[in-house]
Amino acid sequence: MHTISMPMDTIVLTPSEDIPTEQQQQQQQQQNIVSLHGGCRYDEMFRLTGRATDQEGCFDRIEATVRCLLTGVAVDTIRLEGGKLRTVDDDTLERVVTALEQNQEVTSLDLSLNKITDQGVGVLARLLECNANIREISLDSNLVTHVGVTELSNSLQFNHALTKLDLSGNNLGDEGIFPIAEILTGPLPLAVLHLRSNKVSDEGCGVLCNTLMLNTTLTTLSISGNEISDLSLPLLAELVKVNSCLTDISLANNEFSLQGLDTLCEVAVSNFYLLNLRLSFGSKRYLP
């Protein structure tokens, strides 16, 4: 028995005893793709980071992804993390989304570390309106503002599948929290929300806390690395006190005082549902 790894190195084919011809290999790649875990689908298409060291190599892999999607390949996760090259822009995302509109198998899409703008998020919003299977999206470290999040929020009114959304490392600001609040009050069963490093201040934190007081689906929230101060602690304390669904909250690297965080911790102890409250003291921002 021979095991043959095809050029896209997470696709592994297991043919018969005889080594197949190149044409047979291509046919098997399209028709008989087998996961390392068995079955008739594989978990991940490929990952740009650490595998392609130049733009041309990354674009080749993206084109390979598009071709596979257009042939109806069943794949759970597509990871197009750009890394230092930040390969995926709005035009590239348009090609991927066009393929995903024809392939309803993908459930997780990672677009971290790229240069996707509000225009690209608009394209992604179009996909979410017609694809009810995507459950996880990461746009970590792109160029998204409140404009793009508003388009995303509008599209998610028609999508009841998304459970994880990562918008960390963008430029949402307080204005971007308002469409986030719309998402959290809609029918979406969102369980994980990451908003790290988005220039969110006390105003945005207040909107988020007031919204989450009544939310019963979110279990994980990260708003670390923002501009939230002690002014938000009363609302955060109230949220921790009344919300029994949140089990993991990250507030690290904001602008709280040590005294303020001590007060919040005292409240958190009374919440038996809260498993993790992350308050890293690794930043000078915590000095009173």
Side-chain angles (χ1 to χ4, degrees), residues 45 48 62 65-66 69-70 75-82 86-200 204 207-208 211 215 217-218 221-223:
M45 178 73 73
L48 291 181
I62 292 172
T65 300
V66 171
L69 290 172
L70 290 174
V75 56
D76 286 326
T77 301
I78 293 182
R79 301 175 69 94
L80 298 178
E81 296 170 313
R86 294 186 177 267
T87 307
V88 180
D89 57 14
D90 296 335
D91 292 336
T92 307
L93 181 58
E94 174 79 49
R95 287 187 50 72
V96 175
V97 165
T98 299
L100 286 171
E101 287 174 329
Q102 299 180 48
N103 187 320
Q104 300 282 308
E105 300 293 334
V106 176
T107 62
S108 180
L109 183 59
D110 189 342
L111 298 164
S112 304
L113 296 165
N114 284 297
K115 46 189 177 183
I116 298 167
T117 70
D118 294 332
Q119 179 183 340
V121 176
V123 173
L124 193 58
R126 184 187 78 204
L127 171 67
L128 290 174
E129 289 183 7
C130 68
N131 189 320
N133 293 323
I134 294 180
R135 297 193 295 268
E136 298 182 2
I137 291 179
S138 176
L139 286 164
D140 185 1
S141 301
N142 278 277
L143 304 171
V144 184
T145 73
H146 67 279
V147 176
V149 180
T150 299
E151 290 206 49
L152 200 60
S153 174
N154 292 337
S155 69
L156 289 175
Q157 301 305 313
F158 305 95
N159 183 303
H160 300 168
L162 197 70
T163 60
K164 181 177 180 180
L165 179 61
D166 190 346
L167 292 168
S168 299
N170 284 282
N171 191 24
L172 305 188
D174 291 331
E175 201 168 351
I177 299 301
F178 289 94
I180 293 292
E182 291 291 326
I183 294 174
L184 292 170
T185 55
L188 197 69
L190 195 66
V192 179
L193 177 62
H194 293 292
L195 299 172
R196 171 185 50 80
S197 302
N198 264 295
K199 300 180 181 178
V200 177
V207 172
L208 195 58
T211 302
N215 181 279
T217 62
L218 201 71
L221 172 67
S222 173
I223 48 175

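Hydrogens, waters and symmetry mates play no part in the numbers below; they use all other heavy atoms, side chains included.
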Student check: side-chain heavy atoms of V121 and V149 closer than 4.5 Å:
no
The side-chain hydrogen bond (donor to acceptor under 3.5 Å, both in side chains) partners of R126 (sequence neighbours excluded) come to E94, E101
For residues 138-152, the salt bridge (Lys or Arg N to Asp or Glu O under 4.0 Å) pairs (sequence neighbours left out) are D140-R196
Would a 4.5 Å heavy-atom cut-off, applied to side chains only, mark E105 and D76 as touching? no
With distance as the sole test, does N133 use its side chain to make a donor-acceptor pair with the main-chain N or O of N131 at under 3.5 Å?
no
H194 meets the side-chain hydrogen bond (donor to acceptor under 3.5 Å, both in side chains) criterion, sequence neighbours left out, with none
In short, S153 meets P179 closest at the heavy-atom pair OG-O, 3.2 Å
Residues passing the side-chain hydrogen bond (donor to acceptor under 3.5 Å, both in side chains) test with N215, sequence neighbours excluded, are T217
Subject >> Student check: side-chain heavy atoms of D90 and T92 closer than 4.5 Å >> reply: no
Taking the side chain from N159 and the backbone from L162, do they hold a donor-acceptor pair closer than 3.5 Å? yes
Review point. Is V123 close to T98 at the side-chain level, that is, under 4.5 Å between some pair of heavy atoms?
Key: no
Residues at least two apart in sequence or cross-chain that pass salt bridge (charged side-chain N to carboxylate O under 4.0 Å, His left out) with D110, listed by chain then number, are R79
Checklist line | Test item: N142 side-chain N/O and V144 main-chain N/O as donor-acceptor pair under 3.5 Å | finding: no
message = When you compare the side chain of L193 with that of L218, does any pair of heavy atoms fall below 4.5 Å?
response = yes
Are V96 and V88 packed together at the side-chain level, in the sense that at least one heavy-atom pair is separated by less than 4.5 angstrom?
no
What pairs of donor and acceptor atoms, side-chain ones from residues 180-190 against any protein atom, are under 3.5 angstrom apart with sequence neighbours left out?
from	atom 1	to	atom 2	distance (Å)
T185	OG1	A181	O	3.0
T185	OG1	E182	O	3.2

* Asked: Considering only heavy atoms from C-beta outward, does the side chain of L156 approach that of L128 to under 4.5 Å?
  -> yes
Requested in this report: Could you tell me whether the side chain of D166 and the main chain of S138 form a donor-acceptor pair under 3.5 Å?
Outcome: no
Only one of T117, D118, N198, T150 passes side-chain hydrogen bond (donor to acceptor under 3.5 Å, both in side chains) with T145, and that residue is D118
- prompt: Any sub-3.5 Å donor-acceptor pair from N170's side-chain atoms to L172's backbone N or O?
  reply: no
